[in-house]
Amino acid sequence: MTDDKDVLRDVWFGRIPTCFTLYQDEITEREADPYYLLLPRVSYLTLVTDKVKKHFQKVMKQEEVSEIWFEYEGTPLKWHYPIGLLFDLHASNTALPWSITVHFKKVVELLFFLKHFHCNLFLVSRVRERLLRSANFPEKDLLHCHSKDVIEAHFMACIKEADALKHKSQVINEMQKKDHKQLWMGLQNDKFEQFWAINRKLMEYPPEDNGFRYIPFRIYQATTERPFIQKLFRPIASGGQLHTLGDLLKDVCPSAITPEDGEQKTQVMIHGIEPMLETPIQWLSEHMSYPDNFLHISIIPRPTD
Amino acid sequence: MGGGDGRCGPMSDGGRALCDTLFPAVDVLLKAVGDTPIMRTKKWAVERTRTIQGLVDFIKKFLKLMASEQLFIYVNQSFAPSPDQEVGTLYECFGSDGKLVLHYCKTQAWG
């Protein structure tokens with residue numbers, strides 16, 4: 001069991017070296033240096049980037065500052081997905097540090113351009129159109145995050161959904177409000193012990209069962225239209241055998257493990273590693289879930305080097 | 001490509017993919033909480049890919065609520081799904097007796 005507890009710590013303390021750069025079209029009074037930060041894999045972008053905000057706000061006029069959002073190679077990054085999932089899904093086999101572009105600026109006034117560039121009306125409208133496209137908050141891709149309360153509400157909703165699957169919500173509902181708060185505070189303040197003092201209860205199951213009722217999991221593929229696959233899946237077969245990661249994939253996403261032309265074209269990644277397909281899914285759920293109690297699994301193209 | 005991602009696929013994928021194409025909509029039962037206005041029509045056939053946000057916008061329009069008014073949706077009277085969650089996924093995981101029951105409320109009911 002000592003080894004298994006080590007896994008919990010390794011998952012919690014996983015970090016991704018990241019370089020934040022201000023979007024190049026954002027006109028500022030002075031050049032902004034990029035900002036380097038180690039991001040916790042298990043947390044959320046808007047929870048851990050206050051320092052990034054402060055850094056770039058220094059080179060902007062207060063009235064131009066608008067809701068911050070992040071993008072990687074043109075893809076808006078969903079703040080409500082855990083950071084580790086975003087990295088595994090979009091940038092897993094690329095060179096570190098992870099280069100994220102920061103968007104911050106309200107759309108520049110038309111007047112500004114008329115005044116400073118003496119462009120003809122046609123050109124001005126083209127530039128404004130381009131600015132509108134590039135600087136505007138991508139409503140279709142991202143949720144708004146106006147305060148930390150929004151992150152807390154989202155985090156707690158995920159935990160509740162996970163417990164609905166694992167325990168018919170019995171364990172989460174039996175907890176007091178202060179226990180719920182402790183889960184959130186543990187995540188927010190990066191306090192492993194504080195978090196797991198409560199979370200361990202969500203990882204228990206009745207002695208007569210051999211696992212949870214259903215496993216909370218989501219499978220993501222950058223290449224499909226669907227946001228993710230989530231279905232009911234029991235950790236124990238009717239005969240009592242433990243279902244494995246391979247069994248899960250075979251059932252809900254067989255293309256992930258079916259070789260094409262005899263080659264395995266994809267990787268199955270959780271927290272930056274490829275767990276063996278023989279791993280019991282119950283064990284994975286207890287030890288490699290994110291703090292939101294979900295197993296977030298990325299199916300990504302295998303690098304061809 | 002198969003495996004329950006909603007597209008056509010062979011029956012050997014456990015029948016899930018075929019199911020998705022045969023039954024593109026799911027039955028949703030909307031229940032009002034507290035003194036939130038009750039919808040005259042409670043049972044709706046909703047496309048699997050419609051999001052919770054899409055459902056919220058629809059209910060607001062139907063109840064003639066203002067766009068700025070808040071509306072909370074709950075599954076199993078226990079959690080509020082994310083606005084970008086798909087109804088189809090919620091139905092698969094939390095539906096019973098062939099329908100997904102969703103409670104809606106103008107104020108926060110189950111946190």
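Each chain gets a letter, A, B and so on, in the order the sequences are listed, and its residues count up from 1.
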Shortest non-hydrogen contact between Gln230(A) and Phe94(B), atoms and distance: NE2-CE1, 4.4 Å
By side-chain contact (heavy atoms from CB on, under 4.5 Å) - contacts of Lys148(A) (at least two apart): Leu47(A), Asp50(A), Ile151(A), Gln188(A)
With a cut-off of 6.0 Å (strictly less than), are more than 12 heavy atoms of other residues, nucleotides or ligands near NZ of Lys168(A)? no
Over 12 foreign heavy atoms within 6.0 Å of CG, Asn189(A): yes
Contacts of His180(A) that satisfy ring pair (Phe, Tyr, Trp, His ring centres under 6.0 Å) - sequence neighbours left out: none
Would you mind checking which part of Gln53(B) comes under 4.5 Å of any heavy atom in chain A, side chain (CB onward), backbone (N, CA, C, O), both or neither? neither
With a sphere of 6.0 Å drawn around NZ of Lys31(B), does it hold more than 12 non-hydrogen atoms of other residues, nucleotides or ligands? no
Taking all non-hydrogen atoms of both residues into account, name the closest pair between Ala157(A) and Ala80(B) and its distance. CB-O, 3.3 Å
Which distance, rounded to the nearest 0.5 Å, do you find between the CG of Asn173(A) and the CH2 of Trp110(B)? 11.5 Å
Residues, nucleotides or ligands: over 12 heavy atoms within 6.0 Å of Ile38(B) CD1: no
How long is the span from the CD atom in Glu161(A) to the CG atom in Leu90(B), to the nearest 0.5 Å? 6.5 Å
Answer yes or no: is there a side-chain heavy-atom contact under 4.5 Å between Thr89(B) and Arg218(A)? no
Any side-chain heavy-atom pair of Leu143(A) and Ser82(B) under 4.5 Å: yes
